[in-house]
Amino acid sequence: MAGQPGAAVRGDQWTSSQSVDGLLGMPSPLPRIRTRPWWFPVQELRDPLVFYLEAWLADAVFGPDGATIPEIEWMNQVLLTVDVVNPGSLVEITVFGQPRVQNRVKGLLLRLASRYRDRHARGEKMKQLEKFLKARGSRPQTPQLPVG
């Protein structure tokens, strides 16, 4: 690679200028710019409440692409941010607002998540039961004699 025209040294690695150009040509992620709603006081941005939730539960609670976040914010007079911590596993939920309302919203979201988790577990149990019953139903039955 050292003999290639247009090769650049980066630390101990050799990279071709074409791969560097490819990286520079990629669009950078857009920053999240958000204006504070008129109904939300500035002083309540100082001390947010942060908690974590499994990513699939956050998708269930907030809907596709966080569709229900604005409604939750308006109904509870809070601001929410949902950031991915580990893709596919955890999200960080930040709640801005009065401490009493922050705790109420956190409790609400955790109860919703618990409900979705229970519903998912119940669905998995039903699938296992159906699978068991199908497997049991496919076996030939031996006639049982009446006991007596």
Side-chain angles (χ1 to χ4, degrees), residues 1-2 4 6-141 144:
M1 231 194 239
Q4 291 181 349
V9 178
R10 182 180 243 174
D12 290 337
Q13 292 182 319
W14 289 89
T15 56
S16 71
S17 62
Q18 292 174 342
S19 65
V20 173
D21 290 340
L23 290 174
L24 294 176
M26 294 177 64
S28 61
L30 296 174
R32 290 188 323 169
I33 298 175
R34 185 171 180 192
T35 58
R36 180 183 54 85
W38 62 268
W39 48 264
F40 193 82
V42 170
Q43 64 270 19
E44 292 179 9
L45 292 172
R46 290 188 194 122
D47 191 25
L49 174 72
V50 178
F51 64 100
Y52 298 88
L53 198 58
E54 296 167 57
W56 71 272
L57 285 171
D59 289 340
V61 170
F62 297 118
D65 300 323
T68 62
I69 290 175
E71 184 178 349
I72 293 170
E73 289 178 332
W74 174 253
M75 299 287 280
N76 294 288
Q77 298 293 296
V78 296
L79 292 182
L80 294 173
T81 60
V82 180
D83 298 313
V84 176
V85 175
N86 293 331
S89 63
L90 278 182
V91 295
E92 178 183 81
I93 300 172
T94 308
V95 183
F96 296 92
Q98 296 175 359
R100 175 181 49 85
V101 179
Q102 287 176 337
N103 288 325
R104 186 181 73 215
V105 169
K106 178 184 175 184
L108 170 90
L109 294 175
L110 290 177
R111 283 189 300 274
L112 277 171
S114 176
R115 183 178 237 171
Y116 281 111
R117 187 180 290 117
D118 292 346
R119 181 184 288 174
H120 180 74
R122 194 175 325 124
E124 289 297 317
K125 285 182 183 178
M126 288 301 291
K127 286 179 186 175
Q128 289 176 354
L129 180 62
E130 288 173 357
K131 186 177 176 181
F132 172 76
L133 291 175
K134 285 180 183 177
R136 186 175 175 200
S138 64
R139 287 191 222 143
Q141 294 288 330
Q144 295 183 355

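None of these values were measured; they are calculated from a predicted model.
In this structure, the side chain to side chain contact (heavy atoms under 4.5 Å, CB included) partners of V101, at least two apart in sequence or on a different chain, are V78, Q98, R104, V105. Residues that satisfy the side chain to side chain donor-acceptor pair (under 3.5 Å) test with Q102, not counting sequence neighbours, are absent from this structure. Qualifying salt bridge (Lys or Arg N to Asp or Glu O under 4.0 Å) partners for E44, counting only residues two or more places apart in sequence or in other chains: none. Looking at residues two or more places apart in sequence or on another chain, you find a side chain to side chain contact (heavy atoms under 4.5 Å, CB included) between L45 and R36, F40, L79, F96. Residues passing the side chain to side chain contact (heavy atoms under 4.5 Å, CB included) test with P70, sequence neighbours excluded: none. In terms of the side chain to side chain contact (heavy atoms under 4.5 Å, CB included) criterion, residue partners of W38 (sequence neighbours excluded) are, by chain and number, W74.
Here the side chain of E73 pairs a donor or acceptor atom with the backbone of L80 at under 3.5 angstrom.
For residues 62-72, no residue pair satisfies the side chain to side chain donor-acceptor pair (under 3.5 Å) rule, not counting sequence neighbours. Annotation: side chain to side chain donor-acceptor pair (under 3.5 Å) contacts involving residues 113-125, sequence neighbours excluded, comprise E54-R117.
With a 4.5 Å cut-off on side-chain heavy atoms, L109 and L53 do not count as touching.
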Report all side-chain donor-acceptor pairs from residues 85-94 shorter than 3.5 Å, counting only partners two or more places apart or in another chain.
residue: S89; atom: OG; partner: N86; partner atom: O; Å: 3.2
residue: E92; atom: OE2; partner: Y52; partner atom: OH; Å: 2.8
residue: T94; atom: OG1; partner: T81; partner atom: OG1; Å: 3.3

